[in-house]
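Shown next, in structure tokens, is the structure this report addresses.
Everything quoted here is computed from the prediction, not taken from an experiment.
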Amino acid sequence: MKRRGARFALIPAASAVAFAGCIAHASAATPMSVFVDASHAPERIYHCKVSMPASPGAFTFVYPKWIPGFHGPVGPLPDVVNLHVLAQSNPIVWHRDPIDPYAIHTDVPATATNVEVDFDVVDAAPS
């Protein structure tokens, strides 16, 4: 049981890393960064921040469908809450793809070089 719990504790970190699974117009000069605050892990709440390089214009990123420990494309999308997308620390408008709920679309402002995605993963527990 202890081992199984550890596997699911990694889901928020894997989710944060893979959140940027499909980046459009990325710049290779700037690395992607991921931060996961697990200080509320006993309550099964993980605060995540992903910073991705981006060029101005249309930008799409996806939440992972395939998560380690799951045996199908059923990433725990309902566990993601408080999603905020920012450029230069300012909120930017985003919308979910009408066909693929895992894809999120936004437009990067002309002066921005990266997109920041802040979100929480809650109730990250075995189902």
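- Using a 4.5 Å heavy-atom threshold, the side chains of Trp94 and Leu83 count as touching.
- Between the side chain of Asp120 and the backbone N or O of Val122 there is no donor-acceptor pair closer than 3.5 Å.
- With Met52 as reference, Val117 is the one residue of Asn114, Val117, Val34 to meet the side-chain contact (heavy atoms from CB on, under 4.5 Å) rule.
- For the side chain to side chain contact (heavy atoms under 4.5 Å, CB included) test, residues two or more places apart in sequence or in another chain that qualify with Ala112 are Ala87, Gln88, Val108, Pro109.
- Cys48 and Val121 get closest at one heavy-atom pair: SG-CG2, 4.1 Å.
- Counting only residues at least two apart or in different chains, salt bridge (Lys or Arg N to Asp or Glu O under 4.0 Å) contacts with residues 98-119 comprise Lys49-Asp118, Lys65-Asp100.
- Closest approach of Phe59 to Pro53, counting heavy atoms only: CE1-O, 3.7 Å.
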Chi angles and distances behind the side chain to side chain contact (heavy atoms under 4.5 Å, CB included) call for Phe61, Val50: CA-CA 11 Å; Phe61 58 94; Val50 178; over 6 Å; no

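- The nearest pair of heavy atoms linking Val115 to Ala54 is CG2-CB, 3.8 Å.
- Listed by first and then second residue, the salt bridge (Lys or Arg N to Asp or Glu O under 4.0 Å) pairs that reach into residues 86-99 come to none, sequence neighbours excluded.
- When all heavy atoms of Ala103 and Thr60 are compared, the pair lying nearest together is CB-CG2, 4.4 Å.
- Each salt bridge (Lys or Arg N to Asp or Glu O under 4.0 Å) pair with one or both residues in residues 82-95, not counting sequence neighbours, would appear here, but there are none.
- In this structure, His84 has no side chain to side chain donor-acceptor pair (under 3.5 Å) partners at least two apart in sequence or on a different chain.
- Partners of Thr106 according to the side chain to side chain donor-acceptor pair (under 3.5 Å) rule, which considers only residues two or more places apart in sequence or in another chain, do not exist here.
- Aromatic ring orientation, Phe119 versus Tyr63: perpendicular (interplanar angle above 60°, classes split at 30° and 60°).
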